[in-house]
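Down below is the structure, laid out as structure tokens.
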Amino acid sequence: LYNTGGYDSVETLRLLEGTVDIYMPDMKYASDDTAVRYSGASGYVAANRAAVKEMRRQVGELDISSDGTALKGLLVRHLILPGLAQESKQILDFIAREFSTETRVSLMSQYHPAHRADKHPELSRRITTREYEEVIEHAEKLGLENVYIQYL
């Protein structure tokens, strides 16, 4: 199991080919401006998308046994941030367009303002139920079939 922030280089991921059964990358931002503002991660979107594409190439869709055990594949995680539901929708658009509506996605609602959130007033709150529902509704509209949701 390789749990990653999703900002990996494709070259590094290729070195891991054959040793990782399950990739669990984050897809955090859909905008490089947002990635730089909140994480100082320039070139994040292209790097993240290339990395997740490589992960999927290696392991495919997540295969789950009859007893519910994940065996091999990709599970994309996305933490919804306050005020950024539109970026969340863009990430789901990318997944549906570039991968498959069967791709497993975990839409996480547990954002909690901490660390340096006070430097970004827009991040000084939790997400609202409405923001979370808006992203879930978009996933349904896209026909994404395997979305894990959390209840607020």
Side-chain angles (χ1 to χ4, degrees), residues 1-10 12-13 16 20-62 64 68-70 73-152:
L1 175 67
Y2 188 71
N3 182 357
T4 173
Y7 198 43
D8 311 86
S9 75
V10 170
T12 299
L13 293 168
L16 295 172
V20 174
D21 293 319
I22 300 170
Y23 281 107
M24 288 179 48
D26 292 332
M27 292 191 82
K28 191 172 278 195
Y29 307 112
S31 155
D32 282 327
D33 289 341
T34 305
V36 168
R37 183 177 328 123
Y38 298 140
S39 296
S42 64
Y44 173 86
V45 175
N48 177 250
R49 290 178 178 189
V52 177
K53 282 182 178 182
E54 175 61 20
M55 293 173 198
R56 185 173 184 276
R57 183 195 68 76
Q58 289 182 23
V59 297
E61 298 295 345
L62 190 62
I64 298 180
T69 303
L74 176 72
L75 170 61
V76 176
R77 299 173 310 159
H78 176 64
L79 177 65
I80 300 166
L81 296 172
L84 294 176
Q86 191 58 41
E87 286 205 25
S88 296
K89 292 177 190 178
Q90 291 170 358
I91 288 168
L92 295 176
D93 290 343
F94 171 82
I95 291 167
R97 180 181 65 247
E98 296 293 326
F99 300 149
S100 161
T101 56
E102 294 178 18
T103 300
R104 293 187 189 266
V105 179
S106 176
L107 291 177
M108 300 181 295
S109 63
Q110 70 262 30
Y111 173 78
H112 176 79
H115 190 46
R116 297 185 316 199
D118 61 334
K119 297 193 184 307
H120 302 283
E122 65 276 17
L123 294 182
S124 64
R125 65 172 177 85
R126 298 192 54 125
I127 67 167
T128 65
T129 300
R130 182 64 205 130
E131 286 171 317
Y132 193 62
E133 289 173 348
E134 184 180 334
V135 176
I136 292 169
E137 288 168 8
H138 190 72
E140 290 171 351
K141 183 180 109 186
L142 291 171
L144 291 169
E145 300 170 17
N146 297 304
V147 178
Y148 299 105
I149 61 172
Q150 300 170 328
Y151 294 95
L152 298 174

Kindly indicate whether the side chain of Arg126, heavy atoms from C-beta on, has any atom under 4.5 Å from the side chain of Pro113. yes

Indicate yes or no for a side-chain donor-acceptor contact from Tyr132 to the backbone of Ile80 under 3.5 Å, with no hydrogens or angles considered. no

Are Tyr38 and Leu84 side-chain neighbours, meaning at least one heavy-atom pair lies under 4.5 Å? yes

Minimum heavy-atom distance Leu107-Ala139, with the two atoms named: CD1-CB, 4.5 Å

Does a donor on one side chain and an acceptor on the other come within less than 3.5 Å for Tyr29 and Ser39? yes

Sidechain-backbone polar pair: Ser106 side chain, Met108 backbone, donor-acceptor under 3.5 Å: no

Residues Glu145 and Arg104 bridged, charged N to O under 4.0 Å: no

Can you confirm whether Leu74 sits close enough to Pro25 that some side-chain heavy atom of one is under 4.5 Å from a side-chain heavy atom of the other? yes

Side chain to side chain donor-acceptor pair (under 3.5 Å) partners for Arg77, two or more places apart: Asn3, Asp26

Ser100 meets the side chain to side chain donor-acceptor pair (under 3.5 Å) criterion, sequence neighbours left out, with none

Using modelled atom types and a 3.5 Å cut-off, is there a donor and acceptor pairing between side-chain atoms of Glu131 and backbone atoms of Ala85? no

Lys141: partners by side chain to side chain contact (heavy atoms under 4.5 Å, CB included), with sequence neighbours left out: His138

Can you see whether Glu54 engages Tyr23 through a side-chain donor-acceptor pair at a distance of less than 3.5 angstrom? no

With sequence neighbours left out, the residues meeting side chain to side chain donor-acceptor pair (under 3.5 Å) with Glu87 are Thr34

By the salt bridge (charged side-chain N to carboxylate O under 4.0 Å, His left out) test, which pairs, at least two apart or in different chains, include something from residues 88-103? Lys53-Glu98, Lys89-Glu134

Looking at residues at least two apart in the chain, or sitting in another chain, which of them share a side chain to side chain donor-acceptor pair (under 3.5 Å) with Tyr2? Asp8

Measure from the side-chain N and O atoms of Asn146 to the backbone N and O of Thr103, and report whether any donor-acceptor pair falls under 3.5 Å. no

Would you confirm whether Tyr44, through its side chain, and Lys28, through its main-chain N or O, come within 3.5 Å as a donor-acceptor pair? yes

Gln58 (side chain) donor-acceptor with Val20 (main chain) under 3.5 angstrom: no

